Amino acid sequence: MDEANFSDDLLFGLTPEQREAVMSPARRHLVRATAGSGKTHVLTLRIQRRVADEEIAPDQILAMTFTRKAGDELRKRLFRAGVRDVRAGTFHRAALNLVTQYREDRHLRPLTLEPNRRKLVSALAAQLRDSGELKLEDWQLPRLEQEIGWALSQGYNGTTYAKHARRLRREAPLPPAQLAEVLDRYVGLCRSRGLLDFDLLLSEAISLLRDEPDVLASFRYRNRSLYVDETQDMNPLQFMLLRQMAGDDPDLFCVGDPNQSIYGFNGATPTLINDILATWPDTVVLDLTRNHRSTANIIAVANTLLEPGARGIEPAKDEGDVPLIRNYDTDEQEAEHVATWLAAKHQPGSPWHAMAVLARTNAQLELVASYLEAANIPAERRGPEHSPASDLMASEPAARRLEELDRDAVALSTIHRAKGLEFQHVAAIGWAEGQLPNYNATSGEQLAEEQRLAYVALSRAEQSLLITWSRGRNDPRYPDRLPSRFLGPIERVVAEIEHRNAPLRGDARKARLDAIKASLTESLALIEEGTRSTK
C-alpha cells in the first residue's frame with residue numbers, strides 16, 4: 001500500500017485494523033465494527049485517502065446511511081477535511097434523486113411523496129367499506145398500517161406476502177389471503193393517485209434501475225464508488241436497491257455492527273450483513289473490536305448482552321468507575337434518585353450536555369423530566385428517531401437551525417434515538433420486565449432485538465453508568481414488576497468487579513504481601529547474579 005500521498009497525521013493513532021480499512025486496495029469491504037470502534041471515522045478517512053490518492057473523484061462517490069442527521073454528520077466531517085461534492089444522505093434521498101431525475105428528463109409529472117401512511121390506509125379502508133368489500137374497525141387500522149409497512153419493507157406484493165406470512169405466522173389484523181389482497185389494493189390506490197409512500201419510493205427506484213438500461217448506466221457512471229454506514233440497519237427493500245445500484249462488480253465499502261441492529265419495526269435484520277458476502281463472495285471482511293469510547297468496566301457489563309457466539313468488545317481504556325445497579329419501590333423514587341445522581345456528576349469537565357437518561361419508550365421519560373425540572377437540572381427531549389421523513393420532508397435550513405438550538409442540557413432520549421451518540425454519564429432507566437424487554441416482545445426474534453437494544457443503551461456511556469428499575473408499586477397497570485432478565489448477567493459481572501477491587505484483609509492480605517515479597521526477593525537475586533556474571 002502506498003501511503004505517500006496520504007498524510008501520516010491522519011493515520012496516526014489508528015489501530016492496525018483501522019489502518020487496513022483505510023488503506024486496503026481491495027474493491028469491496030465489509031467492516032464489522034463494534035460500538036465505539038471508530039467506524040464512521042474509518043469510513044470518512046477512507047474517502048479522504050482515496051480522493052487524495054486520486055483513485056476516485058469526490059463527485060463520483062455516493063455515501064448512504066439511514067437518518068438525515070447521520071448524513072449531515074458525514075458531510076460535515078468531509079467538508080472539514082476539505083473534501084467537497086461527495087453525495088451523502090439516506091437511501092430514501094438517493095432514491096428520490098433518481099426518480100426525480102428520471103421524470104424530469106422525460107417531462108413527466110412528478111410523483112408526490114406522502115409521508116403519512118395512516119392517511120392512505122384510512123382512505124383505503126373507507127374505499128373498501130363504501131364498496132361493501134370489507135369493513136375495518138378503527139382499532140385495526142394502526143395494526144394494518146404496521147403490517148403493510150412491514151410487507152413493503154420486505155419487498156413483498158400480495159402473493160409473496162401471503163406465502164411468507166403463513167410461514168412466519170405473522171400476527172396480523174386480517175388472515176394472510178385477505179391482507180394480501182388489501183396490500184395490493186393499497187399499492188393500487190397509491191399509483192392511481194400519483195402518490196408514493198417511503199417504501200414505494202424505494203420500489204420505484206429499484207424498478208427504474210432494473211427495467212431502464214439508460215437509467216442504470218447513467219447512475220453507475222455518476223456513482224462509481226458506494227459507501228454504506230450503519231449497514232445493520234438495512235431492510236430487505238433497501239438491500240434490493242443497493243444490489244441494483246452496485247451490480248456484479250461494485251466498488252463498495254460497508255460498515256456495520258450486527259449487535260446494534262434494533263430496527264425490526266422497519267423490517268431491518270442483522271442477517272442481511274451476511275447477504276452482502278453471499279452476493280459478492282470476494283468481499284474483504286475486516287473486524288474492528290477495540291472500543292475507544294467506554295471504560296473497561298462499562299464494556300464488561302455491555303458484553304453480557306452480546307448474543308452467543310458474538311465476538312466480545314476489547315477495551316482501549318482503563319477500568320474506570322464500577323457501573324451501578326439500583327432498584328426502587330416506585331417510579332417516583334427511581335426518577336428522584338436519577339436526578340440526584342446526575343446532579344452529583346455535574347462537575348468541571350462534565351457539563352449537563354455530557355449526560356443522558358435513556359429509556360425504552362418516550363412515556364418513561366415524562367416522570368424523569370418533571371423531577372429534573374424540580375431539581376433545576378436543564379433537560380432536552382430528543383425528537384423522533386429513524387424517520388426517513390426527517391430527511392425528505394423537513395426543510396433543511398429549518399432542521400439545521402433546530403440542531404443549533406441544542407443547549408447545555410441533559411439529553412432525555414429513547415434508546416433508539418440515542419444510537420450513534422455518546423455521553424460521559426448515562427442513566428439507563430426502566431430495566432424491568434415489560435419495559436425492557438418491552439411487553440410487546442414475545443417471539444425469540446423480538447426478544448433478541450430487545451437484548452440488542454439494551455446493549456446499545458449501555459454502550460453509549462463513556463465514564464459512568466447507572467442502571468435502574470422500579471417495582472412500580474404505585475402503578476396500577478404494572479404493579480410488582482420483576483427485574484429485567486438482562487440484569488442477572490450484569491449483576492454477576494459487577495459483583496466480580498467489586499470482589500476484584502475489594503481491599504484484602506486478614507490471611508488473604510498477608511498471603512498477597514508474602515507473594516509480593518517473594519517476587520521482589522527473586523528479582524533482586526537475578527539482578528545480583530547478572531551483575532556478578534558481567535564482572
Side-chain angles (χ1 to χ4, degrees), residues 262 297-298 300-302 304-305 321-345 355-375 377 379 381-382 410-418 423 425-444 446-461 464-499:
I262 58 174
N297 284 337
I298 291 173
V301 298
T304 68
L305 295 164
D321 294 345
V322 179
L324 301 175
I325 303 171
R326 297 290 184 265
N327 65 82
Y328 308 95
D329 281 340
T330 68
D331 295 349
E332 288 77 9
Q333 289 176 357
E334 181 181 25
E336 181 182 13
H337 289 177
V338 165
T340 301
W341 184 78
L342 292 171
K345 294 297 180 185
M355 309 179 196
V357 179
L358 305 183
R360 176 65 177 82
T361 65
N362 275 305
Q364 293 171 273
L365 297 167
E366 296 292 344
L367 188 61
V368 176
S370 66
Y371 273 86
L372 295 185
E373 183 179 5
I377 297 176
R381 297 294 294 267
R382 297 300 172 100
V410 174
L412 301 180
S413 175
T414 63
I415 303 171
H416 283 100
R417 180 63 179 80
F423 305 90
H425 312 292
V426 168
I429 69 170
W431 282 56
E433 287 292 307
Q435 294 182 315
L436 185 67
N438 190 268
Y439 67 91
N440 284 322
T442 55
S443 69
Q446 290 167 336
L447 288 168
E449 181 162 314
E450 293 291 304
Q451 185 168 321
R452 293 193 294 270
L453 199 60
Y455 165 78
V456 168
L458 301 193
S459 59
R460 300 309 94 201
S464 65
L465 175 65
L466 171 67
I467 306 171
T468 68
W469 67 280
S470 156
R471 294 179 178 85
R473 288 185 175 160
N474 61 353
D475 186 343
R477 299 169 302 164
Y478 310 109
D480 296 321
R481 299 186 193 113
L482 296 174
S484 169
R485 67 193 68 188
F486 305 141
L487 277 178
I490 293 174
E491 289 173 331
R492 288 192 287 274
V493 167
V494 169
E496 290 171 5
I497 295 171
E498 290 175 338
H499 177 74

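Residues take their numbers from the sequence shown, with the count starting at 1. Note that the coordinates shown come from a computational prediction; the quantities given were computed from them, not determined experimentally.
The stretch residues 426-437 participates, sequence neighbours left out, in these side-chain hydrogen bond (donor to acceptor under 3.5 Å, both in side chains) pairs: E433-R485. Within the structure, salt bridge (Lys or Arg N to Asp or Glu O under 4.0 Å) pairs that include any residue of residues 359-374 comprise R360-E450, E366-R381 (at least two apart or interchain).
L365 and L412 get closest at one heavy-atom pair: CD1-C, 3.8 Å.
D321 meets the side chain to side chain donor-acceptor pair (under 3.5 Å) test with no other residue; sequence neighbours excluded. Residues passing the salt bridge (charged side-chain N to carboxylate O under 4.0 Å, His left out) test with R326: none are found, sequence neighbours excluded. With sequence neighbours excluded, no residue forms a side chain to side chain donor-acceptor pair (under 3.5 Å) with T340. Evaluation of the side chain to side chain donor-acceptor pair (under 3.5 Å) rule for S370 yields no partner, not counting sequence neighbours. Qualifying side chain to side chain contact (heavy atoms under 4.5 Å, CB included) partners for T442, counting only residues two or more places apart in sequence or in other chains: Q446. Residues satisfying the ring-ring contact (aromatic ring centres under 6.0 Å, His included) test with Y371, not counting sequence neighbours, are none. Evaluation of the side chain to side chain donor-acceptor pair (under 3.5 Å) rule for T330 yields no partner, not counting sequence neighbours. Qualifying salt bridge (charged side-chain N to carboxylate O under 4.0 Å, His left out) partners for E449, counting only residues two or more places apart in sequence or in other chains: R452. Annotation: side chain to side chain contact (heavy atoms under 4.5 Å, CB included) contacts of S413 (sequence neighbours excluded): L358, R382, R417, A418.
H425 contributes no side-chain N or O that, together with a main-chain N or O of A356, makes up a donor-acceptor pair within less than 3.5 Å. Looking at T304, its side chain never comes within 3.5 Å of a backbone N or O of P489 through a donor-acceptor pair.
Residues N297 and V301 have side chains not in contact (no heavy-atom distance under 4.5 Å, counting atoms from C-beta outward). Between S470 and R481 there is a side-chain heavy-atom pair separated by less than 4.5 Å.
Under a 4.0 Å N-O distance rule, the pair D331/R471 does not qualify as a salt bridge.
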